Undergrad: 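One structure, as structure tokens, below. Some questions next.
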Amino acid sequence: MKLVTYANDSGPRAGLLDGDHVYDLQEAADAFTAQAGAAGAKLPNEVKALLELGDVGLGQARRVLAFAQEQGGSASFAHAAGDVKLLPPITRPDKVICLAGNFADHIREGGGEPPEKSHQTPRYFWKPNSVLVGQNQPVRLWEMSKNVDWELELAAVIGKTGRDISAADAPDHIAGYTIFNDISSRDMNLPWEREEREMDDFFDWLNGKWFDSHGPMGPYIATADEIPDPHNLAMSLSVNGTERQRGNTGQMIFNCFELVEYLTRIITLVPGDVISTGTPAGVGEAAGVSLKDGDVIEATIERLGTLRNPVQG
């Protein structure tokens with residue numbers, strides 16, 4: 001099942017993507033309930049709220065999808081996929097958590113040497129949810145930084161609240177997976193002269209992750225049952241049709257389940273939280289290339305589609 005958030009006149013709406021159609025989740029559920037009576041399903045109009053219903057909610061959504069497929073594209077709750085604007089699948093997650101240096105080839109292209117996994121911990125950082133944009137929405141270039149880069153990543157979306165989750169139990173807490181592009185500003189053009197302090201470089205790097213629009217996500221969340229093995233998915237990213245990144249999620253140093261285990265020793269994860277798992281080699285910084293106005297980024301992960309974003313100066 002593919003979960004989306006799309007825009008209409010009343011604001012963001014949860015939908016079910018099925019081939020060439022997007023079915024409005026709440027409206028389709030209401031129509032199903034009207035037909036099935038007590039056996040129907042009352043569902044929310046927000047993906048995060050759906051995830052908060054747990055397995056029961058996702059089970060109901062699957063029944064609604066089967067009903068919608070029977071009704072087809074002529075149903076009042078059906079929209080042609082090409083006619084709707086897809087927003088980030090979850091528009092306001094509580095947390096957007098990212099990984100630095102989780103692919104050995106990416107570490108090497110930056111001049112480092114991958115750590116021995118048993119003696120290291122994952123390096124997490126957060127992005128504000130204001131970075132998020134969806135399918136075909138622009139990545140903006142801001143005055144504070146013109147050296148802007150791409151980073152294709154697999155993101156796991158949490159479906160159940162938990163803390164101290166073991167790697168073995170982690171799959172039960174992941175609702176699904178989506179594509180995330182960790183857009184990164186590699187320099188900071190300050191409008192004043194700064195007296196340098198220790199760790200300014202680190203904070204500049206961190207701030208460069210936070211610019212509005214620097215987190216394309218989507219085009220949909222594929223529920224975990226559609227991804228038999230999240231650690232064997234082909235990944236590729238192109239800019240203006242030229243391939244820049246190619247890898248496989250199996251190359252991650254810490255896999256999705258290990259990331260959940262370590263992270264939940266520190267914090268509680270809740271439905272809708274996004275964990276983006278790091279990028280393979282091929283970032284622009286290594287080749288001396290930056291994004292520019294008019295570029296088009298296409299990020300693809302097997303079974304998760306292609307996330308397309310134009311760049312706007």
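The model shown is predicted, which means the values in this text are computed figures rather than measured ones.
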Undergrad: For R123, which residues count as a side-chain contact (heavy atoms from CB on, under 4.5 Å) partner, sequence neighbours excluded?
TA: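 Partners of R123 by the side-chain contact (heavy atoms from CB on, under 4.5 Å) criterion, ordered by chain and then number, come out as A100.
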
Undergrad: Taking only residues two or more places apart in sequence, or in another chain, which ones meet I107 in a side-chain contact (heavy atoms from CB on, under 4.5 Å)?
TA: P114, P115, I253

Undergrad: Tell me every residue that passes salt bridge (charged side-chain N to carboxylate O under 4.0 Å, His left out) with D94, counting only those two or more places apart in sequence or in another chain.
TA: K48

Undergrad: Whether the N147 and S290 side chains hold a donor-acceptor pair (N or O, under 3.5 Å, no angle test) is what I'd like checked.
TA: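 S290 and N147 do have a side-chain donor-acceptor pair below 3.5 Å.
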
Undergrad: Which other residues belong to the hydrophobic cluster containing L87, where Ile, Leu, Val, Met, Phe, Trp and Tyr are joined when side-chain heavy atoms lie under 4.5 Å apart, directly or via other members?
TA: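 Taking Ile, Leu, Val, Met, Phe, Trp and Tyr as members, L87 stands alone, with no cluster partners.
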
Undergrad: Tell me, please, which residues at least two apart from D30 pass side-chain contact (heavy atoms from CB on, under 4.5 Å).
TA: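 By the side-chain contact (heavy atoms from CB on, under 4.5 Å) rule, D30 matches Q26, K42.
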
Undergrad: So F103 and H106, ring-ring contact (aromatic ring centres under 6.0 Å, His included) or not? Walk me through it.
TA: CA-CA 5 Å; F103 280 72; H106 176 52; 8.2 Å; no

Undergrad: F32: which residues meet the ring-ring contact (aromatic ring centres under 6.0 Å, His included) condition with it, sequence neighbours left out?
TA: F67

Undergrad: Sequence neighbours left out, what passes side chain to side chain donor-acceptor pair (under 3.5 Å) with T268? Give chain and number order.
TA: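 Expected list: none.
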
Undergrad: According to side chain to side chain donor-acceptor pair (under 3.5 Å), who are the partners of N207, at least two apart in sequence or on a separate chain?
TA: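 Expected list: none.
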
Undergrad: By salt bridge (charged side-chain N to carboxylate O under 4.0 Å, His left out), which residues pair with E196, not counting sequence neighbours?
TA: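 Once residues adjacent in sequence are excluded, the partners of E196 under the salt bridge (charged side-chain N to carboxylate O under 4.0 Å, His left out) criterion are R194.
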
Undergrad: Give a yes or no answer on whether the side chain of S213 reaches the backbone of R140 with a donor-acceptor pair at less than 3.5 Å.
TA: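 Such a contact is found between S213 side chain and R140 backbone.
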
Undergrad: Report the C-alpha separation of R62 and E226 in whole Å, then their side-chain angles, then the decisive distance to 0.1 Å, and conclude whether the salt bridge (charged side-chain N to carboxylate O under 4.0 Å, His left out) test is met.
TA: CA-CA 12 Å; R62 290 187 182 95; E226 291 203 358; over 6 Å; no

Undergrad: Got a sec, which hydrophobics cluster with V56, joining ILVMFWY side chains under 4.5 Å apart, including via others?
TA: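 Members other than V56 - counting any ILVMFWY side chain reachable under 4.5 Å - there are none.
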
Undergrad: Show the atom names and distances, to 0.1 Å, of all donor-acceptor pairs under 3.5 Å that link a side chain in residues 68-86 to residues at least two apart or in another chain.
TA:
| unit_1 | atom_1 | unit_2 | atom_2 | d |
| --- | --- | --- | --- | --- |
| Q69 | NE2 | D18 | OD1 | 3.0 |
| Q69 | NE2 | D18 | OD2 | 3.4 |
| H79 | NE2 | Y6 | OH | 3.3 |

Undergrad: When Ile, Leu, Val, Met, Phe, Trp and Tyr are grouped by side-chain heavy atoms lying under 4.5 Å apart, directly or through other members, which residues fall in the same group as W205?
TA: F125, M199, F202, F203, L206, W210

